[in-house]
Asker: 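I have a structure here, written as structure tokens, and I will follow up with some questions on it.
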Amino acid sequence: MAQSTTSTTAGTPARIATFKDKNRQEAITGFSFIAPAFIILFGFLIIPMFVAGFFSLTNWNGITPISRGLVTEDNPNGAFEFVGLENYNTILFNEGRRQESFYTALKNTVYYALGVVPVQTVFALVLAFIVNQKWLKGKGFFRTAFYFPSITSSVVISLIFMWMFSASGLVNTAISFFNPAYDPVTWLDNPTGTLHMLMNGIGINPTRDMLRACDPATLQLWGCEIASIRLWDWLSGPSVTMATIMVLNIWTTIGTMMVIYLAALQGIPSQVYEAATVDGASRMQLFRYITVPLLQPTTFFVVTIGLIGALQVFDQVYVMTSGGPANTTLTVAYLVYRSAFDDSRMGLAAATAIVLFVIIFIFTLIQRRVTREASGAGS
Amino acid sequence: MRRSRFAILSMAALAALALSAGVFAQDTVTITLMGHGSSTAEDEALNAAVAAFEEANPGIDVDVQLVPDYDTVLQTAFASGDYPEVFYTGQSLFRQYVDAGVIANGSAMIEDPEGFYPALASVYSVDGELYCPPKDFSNLALEYNTDYFDAAGLDYPTADWTWDDLRAAAEALAASGTLPEGTVPFALNPDIDRWFAFYVQAGGTFYDDEGNFVFGEEDNYDAAVSALDFTAALTQDGLAASSSDLSAGWPGEAFGQGKAAMTMEGNWVISYLNDTFPDVNWGTTELPAGPGGEGTLTFSEAYCVGADNEHPEESWALVNFLTNEAGAERVAVEGFGPMPSREAAGATWVEAVGPVGEAFVAGGAYATAPVTPAGFGEFRDALGNGIGEAFRGEADAADVIDEAVEVSQELKAE
Amino acid sequence: MSATTLEQPVQNTSTTGKLIRRILGIAGILFLAIVAAVEIVPFVFTIVNSAKCLPAINAAPWAFVPSSGFIDCRNEEGRPLPASAMTSGVTFQPSLEGYQMVIAEDLPRWFMNSVIFAAAITICRILIDSLAGYSLARLKFPGNRLIFFIILGTLMIPGVVLIVPRFILLKQLGILNTYQGLIIPLAADAFGIFLMKQFFESIPKELEEAAEVDGASRLTTFFRIILPISTPALTALTIFSIQGMWNNFMDALIIVGTSPSLWTLTLGLTSLQGAGGETLIWNLFLAGAVITTVPMAIVFFAFQRYFVEGTSYSGLAGQ
């Protein structure tokens with residue numbers, strides 16, 4: 001990105017004369033190139049987003065035909081009333097069930113994203129780098145194999161995974177085969193938090209009473225509620241079931257991310273590698289000091305897309321767990337679905353969706369800064 | 001200026017694509033019947049019935065739309081204001097749709113409403129008026145593995161069983177040492193759509209006379225606690241286990257795989273067990289009675305007619321054709337999974353599916369639909385999670401019920 | 001990859017060096033093979049189980065050695081055969097029951113619809129997304145960055161709340177239940193635009209500048225110079241677009257869900273999931289999964305050849 005701004009500044013006097021004219025022409029070209037895409041996205045996504053924003057200010061149930069309009073004295077059968085920011089208050093600030101659900105979902109979603117995005121990115125890069133090697137035989141086979149899970153629809157994958165991870169499924173059978181003493185784990189129905197397990201492992205094992213207590217003076221903090229959720233529960237980590245879904249998701253998305261890296265690797269001129277090899281760089285060094293920095297725009301892309309996808313995880317939850325066990329796989333996108341289609345509170349669903357939108361936007365901006373700084377240090 | 005011409009061209013192409021939508025002329029009245037796909041045989045039978053209706057009513061065309069992910073498609077159609085004249089409605093969504101004003105009141109139009117099972121008719125009634133005629137339904141019954149009972153030298157479960165008999169039989173099965181390794185006497189999930197059966201058997205009710213949701217409140221409190229104590233004890237004492245503990249997807253599968261000697265599922269298990277587990281020998285009987293008497297849960301669907309409807313006469317003609325006594329007989333003869341919604345057709349259905357069907361039909365006389373009010377998803381989650389905790393021994397029954405009631409009251413206050 | 005020994009310069013030609021490199025090469029291949037197996041094993045078991053009778057799937061889902069020719073799952077009376085008769089736990093007797101049930105449905109039509117949707121949308125996206133991506137990457141105009149963020153923003157909202165507004169919009173346009181109703185709204189996507197933008201940003205500017213000096217217009221430059229060297233990115237875009245449309249469920253459901261003649265493969269196969277009533281008919285379902293996946297695997301295998309290293313641009317030494 002940095003190089004694109006520097007190279008345009010060098011211009012001859014002849015060019016400067018037509019500078020303004022040229023700028024205008026470039027702007028016109030720019031607009032006309034982007035117009036078809038923008039019109040489609042504007043019409044079919046951006047307008048609906050504004051409509052959803054409008055819904056979020058109402059108490060519409062999502063069932064009554066919206067054409068029946070606003071509820072008034074003359075129109076008692078109308079579809080909705082304006083409630084201002086009440087929906088936002090309900091999920092964000094007012095203590096209660098809905099606030100608890102929202103923050104539980106947010107907690108689960110963030111744990112999910114933090115677990116999935118780095119792993120899939122690193123795995124994808126390494127795999128892409130390997131299957132891009134000239135010396136590798138059967139490249140086509142390996143590439144296709146790695147891409148396989150991305151091909152199959154996520155519904156099919158989820159159902160196959162449920163079957164593999166059921167208590168007597170392939171996974172437990174395989175583990176029992178190698179370790180006869182293994183006590184089968186119920187992967188898809190285990191609400192225990194992985195961080196809790198870790199903490200129990202190092203001796204942090206709060207009793208029932210400790211989990212109810214909240215007294216900052218005596219440092220009894222586990223039971224302290226922040227946004228309707230106890231501190232201990234905030235620190236649960238993803239549950240075993242959520243971790244299983246995370247594995248599933250990493251497993252399915254690696255292929256897609258690998259293809260993106262694979263495309264980008266083609267763009268690195270072989271001369272660069274040749275020059276470095278002459279200077280005596282090892283293969284590891286080539287990868288670390290040439291490949292990774294040159295792939296910076298791609299990494300930004302992969303991490304951004306991965307983050308946006310992870311923060312909106314829905315399909316697997318919908319098919320496999322419906323948010324259970326004990327709400328440990330409830331994600332924000334699933335909560336939106338549940339409010340809109342199970343609870344008939346479209347207004348609340350829209351507000352939740354808008355909040356998620358803002359959260360993803362903030363995450364993306366932070367991530368953008370972080371990738372930039374990381375690559376700045378690298379090169 | 002080649003580039004702008006290109007832009008215009010590309011937009012013109014898109015516009016041309018957009019304009020070529022087709023419109024069809026209509027001679028007769030067309031009404032749409034929307035539903036979800038069922039088994040292939042059921043779908044064929046529905047199409048045949050609709051064809052017979054069209055033949056009898058030459059002025060009416062019926063467009064049958066059986067769509068995947070039905071509830072989403074239907075709700076979207078409602079919201080847009082352009083929705084089908086006739087559509088399936090599940091019992092859990094009926095109230096929401098009535099409240100939203102999209103279902104027409106059928107009390108003046110439905111033929112012979114007394115012929116439906118009262119439990120079903122009450123699900124689809126508001127203030128005593130029947131809105132939608134029930135289509136078909138399923139009940140829970142007790143399934144038992146006859147080989148396991150024979151091996152243990154025990155009598156098969158009977159319709160007059162009580163909770164004590166269930167527990168005694170479970171203990172005897174466990175003590176007999178004849179069950180295979182890893183097999184439990186009873187497969188029971190911490191799922192409110194099963195557990196509510198025990199609540200009802202303990203004397204619990206869902207609604208008071210004014211139609212308020214009263215789960216676990218006042219007199220119902222003891223019923224809820226005793227139901228949870230009884231079921232949690234079964235699990236805690238190793239007499240019952242959930243399907244996931246038994247490495248199965250659902251209790252019916254665990255039962256079929258021989259991992260449980262008994263379970264309680266609906267009539268859908270009949271074809272499932274026959275097709276998937278032909279080796280298993282099994283029988284059915286009614287669920288045991290609890291301190292509050294007999295009780296089972298029913299799950300049903302109805303045909304509803306849309307409130308914004310330009311052809312109400314034709315719509316009701318179709319619905320009545322499908323759900324009157326002849327319609328119920330037509331469904332019963334085929335012996336599909338769900339049972340016909342009219343008591344008169346029950347015997348025909350049992351004849352078609354065989355003696356295992358009797359217990360399911362018998363339950364129709366006293367069944368209750370486990371319907372929670374619209375927007376009570378959080379209550380269902382809270383109670384479901386609580387039941388799971390009680391089964392695992394992580395929570396007291398009383399605490400679980402207290403919390404569920406608290407959630408219920410919070411939601412009612414909203 | 002353990003590559004500590006690779007830290008030495010590459011021109012190590014001693015025999016021990018060769019041996020170490022060979023061992024590392026074998027270890028690398030082994031690693032790849034294991035990862036490939038993990039990725040592919042579920043699909044292998046999908047195929048294996050799609051060719052079993054229901055009782056055999058339940059009794060021994062991991063049995064993977066076919067032991068005979070294809071059998072019928074039911075005897076003459078229509079009763080299903082017992083599991084013990086058709087699987088030993090390792091071997092099983094294959095059956096085409098699942099496939100027969102799928103094929104008895106409207107499979108060819110669903111397949112054709114999926115092909116039409118995927119092809120039309122992919123062609124649109126290649127053109128529209130790459131023009132837009134190029135514009136954002138290379139052309140300076142007021143609001144460039146803002147437009148980029150708006151486009152990126154369309155990815156950030158859960159699609160569930162957009163279902164109703166989009167449905168109403170398409171109804172107003174009169175294109176519900178038509179081919180164009182499914183094609184036009186998906187003819188451009190933020191993911192593809194973003195992908196192309198990031199790719200174009202990594203292409204050296206010198207290429208276009210040379211063309212500009214020769215007096216070529218931006219459009220000519222784009223089609224003559226930029227697109228031809230964009231094969232890898234366009235290949236990726238093509239693969240993603242085909243795959244995305246092939247597996248698209250929600251858009252297809254809302255836009256053509258009530259017209260079975262326009263159903264895609266995904267919609268059709270989902271409708272079959274109800275065929276068992278309350279329970280899933282596994283062999284039917286898995287047969288459907290195989291039928292959806294195999295064409296995509298072929299498409300991917302055909303396209304991945306275009307990821308060839310050495311599509312290098314001349315005159316870059318000074319990068």
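The sequence lines fix the lettering, A, B, ..., with proteins before strands; numbering per chain opens at 1. These numbers were taken from a predicted model, which means no experiment stands behind them.
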Asker: State the CG-CG distance between A:Asp342 and B:Asp71, to the nearest 0.5 angstrom.
Answerer: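 Taking CG in A:Asp342 and CG in B:Asp71, the distance rounds to 8.5 Å.
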Asker: Nearest 0.5 Å, please: how far is CD1 in A:Ile63 from CG in B:Leu93?
Answerer: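 With rounding to 0.5 Å, CG (B:Leu93) is 7.5 Å from CD1 (A:Ile63).
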Asker: At their closest point, which heavy atom of B:Gly81 faces which heavy atom of A:Pro65, and how far apart are they?
Answerer: CA-CB, 3.5 Å
Asker: Please determine whether the number of non-hydrogen atoms from other residues, nucleotides or ligands lying under 6.0 Å from atom CE of A:Met210 exceeds 12.
Answerer: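 Result for CE/A:Met210: enclosed.
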Asker: So with a 6.0 Å cut-off around CG of A:Asn179, is the heavy-atom count from everything else above 12?
Answerer: yes
Asker: Please state whether the side chain, the backbone, both or neither of A:Ser101 comes within less than 4.5 Å of a heavy atom of chain B.
Answerer: side chain
Asker: Side chain, backbone, both or neither: which part of A:Arg98 has a non-hydrogen atom closer than 4.5 Å to chain B?
Answerer: both
Asker: With rounding to the nearest 0.5 angstrom, report the CD to CZ distance, B:Glu406 to A:Arg97.
Answerer: 7.0 Å
Asker: Could you give the distance from OG (B:Ser243) to CG (A:Asp189), rounded to the nearest 0.5 Å?
Answerer: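 Those atoms lie 8.0 Å apart.
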Asker: Taking every heavy-atom pair that is under 4.5 Å apart, which of A:Arg345, A:Arg338, A:Met346 has the most such pairs with chain B?
Answerer: A:Arg338
Asker: Could you tell me which portion of B:Arg380 (side chain, backbone, both or neither) has an atom closer than 4.5 angstrom to a non-hydrogen atom of chain A?
Answerer: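 Neither the backbone nor the side chain of B:Arg380 comes within 4.5 Å of chain A.
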Asker: Would you call B:Glu394 and A:Pro191 a side-chain contact if the rule is heavy atoms closer than 4.5 Å?
Answerer: no
Asker: Between A:Pro325, A:Ser322, A:Ala326, which residue shows the highest count of heavy-atom pairs closer than 4.5 Å to chain B?
Answerer: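 Max contact count across the listed options: A:Ala326.
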Asker: Checking A:Ala79 against chain B: side chain, backbone, both or neither under 4.5 Å from a heavy atom?
Answerer: neither
Asker: Which atoms of A:Tyr337 come close to chain B, meaning under 4.5 Å heavy atom to heavy atom: side chain ones, backbone ones, both, or neither?
Answerer: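 Only the side chain of A:Tyr337 comes within 4.5 Å of chain B.
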Asker: Only pairs of heavy atoms separated by less than 4.5 Å count here; which of B:Gln96, B:Gln257, B:Gln75 has the most with chain A?
Answerer: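 Looking at each of B:Gln96, B:Gln257, B:Gln75 in turn, B:Gln75 comes out on top.
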Asker: Quick check on the structure: residues of residues 54-61 of chain A within a heavy-atom distance below 4.5 Å of chain B, by number.
Answerer: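 A:Trp60, A:Asn61 fall under the 4.5 Å cut-off.
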Asker: If I measure from the heavy atoms of chain A, does B:Leu74 come under 4.5 Å with its side chain, its backbone, both, or neither?
Answerer: neither
Asker: Write down the atom of B:Ala79, the atom of A:Gly62, and the distance for their closest heavy-atom approach.
Answerer: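 Between these two residues, the closest heavy atoms are CB-O, 3.5 Å.
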Asker: Count the heavy-atom pairs under 4.5 Å between each of B:Gly101, B:Ala100, B:Gly377 and chain A, then report the option with the highest count.
Answerer: B:Ala100
Asker: Say you draw a straight line from CG of B:Asp69 to CZ of A:Phe341; how long is it, rounded to the nearest 0.5 Å?
Answerer: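 Between atom CG of B:Asp69 and atom CZ of A:Phe341 there are 8.5 Å.
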